[in-house]
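Okay, so here's the structure we're looking at.
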Amino acid sequence: MARSNPFKRHRFPREIILLAVRWYCRYPLSCRDVRDMLAERGVTVDASTIHRWVRKFGPEIRKRAFAGHRSWRGLQWHTDETYVRVGGRWRYLWRAVDQFGQLIDFRLTARRNSKAARAFLHQARQTARLYQPLTIVTDKAHSYAKVISEINNRLGPDDAIRHIDRKYLNNRIESDHAALKQRLRPMRGFRTLAGAKAALAGIETFRTIRKGQFENCETGVINEIDFVAKLFQDAA
């Protein structure tokens, strides 16, 4: 079944839209910065329009990248949450990477509790599909222990996930948090939870593309541009 063209009824061509979204998600830039960079190239776009593009195409790029170019992931997961400013309040960004630093998944929630941990780990396991974790490394948060125990009760003893709750062993995810925060700093927070989720979908996906962690995706700026263009070949 053919997908609908996401660029339909947009005044600007897809090359400009994808360029603007890529600049915003890939580099530490604000929508105003992207607007000014496009203006230098003779393209006049309002910053609010770029914001709408990011909200629409950030999740679309993530969906297409994970649907058609999902690659293998390691079986040892490092899971932790960090803080993101949304609407003047701190929200919780749950993230997991494997032992090689490859992103497993992320989820932004308003609360930090067992319900949120359960939803995140369920989503991450769905994203990983065949590459289910043998070990999950976390900090001392009790919510993880409870949820992993629930998962193990369904899996049985032979397939049980080993849970290691040692904060000093979780430096890999902590350093990945720090790199993400460098990108988020120019934004000075998000206005709404929906907007934050959409922008983070694009940002996390472009970070994964930059590292060459999708199938048929190589590192290098030209390769990144080509990879994103191929995601929308059906929209030509």
Side-chain angles (χ1 to χ4, degrees), residues 1-73 86 102-108 123-124 126-130 180 183-184 186-187 190-236:
M1 181 178 177
R3 291 175 176 171
S4 61
N5 185 351
F7 301 98
K8 192 175 181 180
R9 297 190 181 89
H10 281 273
R11 181 164 65 93
F12 289 88
R14 68 171 183 167
E15 290 79 12
I16 290 177
I17 294 173
L18 291 178
L19 177 64
V21 174
R22 178 178 172 274
W23 277 349
Y24 178 86
C25 295
R26 171 71 165 77
Y27 302 103
L29 301 170
S30 66
C31 288
R32 291 182 177 86
D33 293 329
V34 175
R35 174 200 63 189
D36 294 344
M37 291 171 67
L38 288 173
E40 289 177 1
R41 291 155 176 81
V43 180
T44 303
V45 186
D46 193 78
S48 61
T49 300
I50 295 170
H51 176 70
R52 288 194 295 272
W53 290 348
V54 171
R55 285 195 63 163
K56 177 177 180 179
F57 288 97
E60 183 70 20
I61 290 169
R62 181 185 189 277
K63 179 175 70 175
R64 288 171 179 254
F66 276 92
H69 300 271
R70 190 189 310 268
S71 62
W72 69 274
R73 289 295 184 261
V86 180
Q102 299 184 111
L103 179 70
I104 303 295
D105 210 343
F106 76 94
R107 187 181 182 92
L108 184 65
Q123 175 184 309
Q126 290 291 108
T127 299
R129 292 190 182 177
L130 298 176
L180 176 64
R183 168 61 196 89
L184 298 181
M187 297 178 177
F190 299 97
R191 292 184 180 179
T192 66
L193 202 61
K197 289 178 179 179
L200 285 166
I203 291 167
E204 291 279 29
T205 303
F206 272 99
R207 293 183 74 236
T208 305
I209 293 171
R210 179 178 62 81
K211 296 175 184 178
Q213 294 175 354
F214 284 116
E215 189 177 274
N216 302 320
C217 177
E218 298 181 7
T219 57
V221 172
I222 300 301
N223 292 325
E224 294 174 28
I225 295 171
D226 290 343
F227 179 80
V228 175
K230 289 176 183 176
L231 296 179
F232 292 91
Q233 282 180 335
D234 62 340

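Bear in mind that the values here come from a model prediction, so they are computed numbers and not experimental data.
Taking 4.5 Å as the limit, every side-chain heavy atom of Arg52 sits out of range of all side-chain heavy atoms of Asp46. Counting only heavy atoms from C-beta outward, the side chains of Thr49 and Arg35 never approach each other to under 4.5 Å. In this structure, the side chains of Arg22 and Tyr27 come closer than 4.5 Å at one or more pairs of heavy atoms. At least one side-chain heavy atom of Ile61 sits less than 4.5 Å from a side-chain heavy atom of Phe232. Counting heavy atoms from C-beta outward, Glu224 and Arg210 have side chains that approach closer than 4.5 Å. In this structure, the side chains of Gln123 and Gln126 stay at 4.5 Å or more apart for every pair of heavy atoms. At a threshold of 4.5 Å between non-hydrogen side-chain atoms, the residues Lys56 and Ile17 do not count as touching. Inter-residue side-chain proximity for Thr192 and Arg55 is flagged as met; some heavy-atom pair is nearer than 4.5 Å.
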Step-by-step side-chain contact (heavy atoms from CB on, under 4.5 Å) determination, Phe106 to Arg62: CA-CA 12 Å; Phe106 76 94; Arg62 181 185 189 277; 3.7 Å; yes
Residue pair Arg26, Ile209: steps toward the side-chain contact (heavy atoms from CB on, under 4.5 Å) verdict: CA-CA 9 Å; Arg26 171 71 165 77; Ile209 293 171; over 6 Å; no
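Distance alone, capped at 3.5 Å, is enough to place a donor-acceptor pair between the Asp33 side chain and the Ser30 backbone. Between the Arg73 side chain and the Leu103 main chain, a donor and an acceptor come within less than 3.5 Å of each other. Looking only at distances, a side-chain donor or acceptor of Arg70 sits under 3.5 Å from a matching main-chain atom of Thr127. In terms of modelled atom types and a separation under 3.5 Å, the side chain of Thr208 and the main chain of Gln213 share no donor-acceptor contact. Although no hydrogens or angles enter the test, the distance criterion places no donor-acceptor pair under 3.5 Å between the side chain of Arg191 and the main chain of Ala196.
Residues Lys197 and Leu108 come closest through the heavy atom pair CE-O, 3.4 Å. For Leu184 against Phe190, the heavy-atom pair with the smallest separation is CD2-CZ, 4.1 Å. Annotation for Ala47 and Cys31: closest pair O-CB, 3.7 Å, computed over non-hydrogen atoms. The two residues Glu60 and Arg64 come nearest to each other via the heavy atoms OE2-NE, 2.6 Å. Of all the heavy atoms in Pro59 and Val54, the pair that sits closest is CD-O, 3.8 Å.
In this structure, Arg207 forms no cation-pi arrangement with Phe214, as its terminal cationic atom is not both closer than 6.0 Å to the ring centre and no more than 45° off the ring axis.
How far CG of Leu200 is from OG1 of Thr205: 10.0 Å, rounded to the nearest 0.5 Å.
A ring-centre distance under 6.0 Å is found for Trp53 and Phe12.
Taking the six-membered ring for Trp and thresholds of 30 and 60 degrees, Phe57 and Phe7 have nearly parallel ring planes, at less than 30 degrees apart.
Judged as a side chain to side chain contact (heavy atoms under 4.5 Å, CB included), and not counting sequence neighbours, the contacts of Leu19 are Trp23, Leu38.
The environment of CZ in Arg129 is sparse: at most 12 heavy-atom neighbours from other residues, nucleotides or ligands sit within 6.0 Å. Heavy atoms from other residues, nucleotides or ligands lying under 6.0 Å from CD of Glu15 number more than 12.
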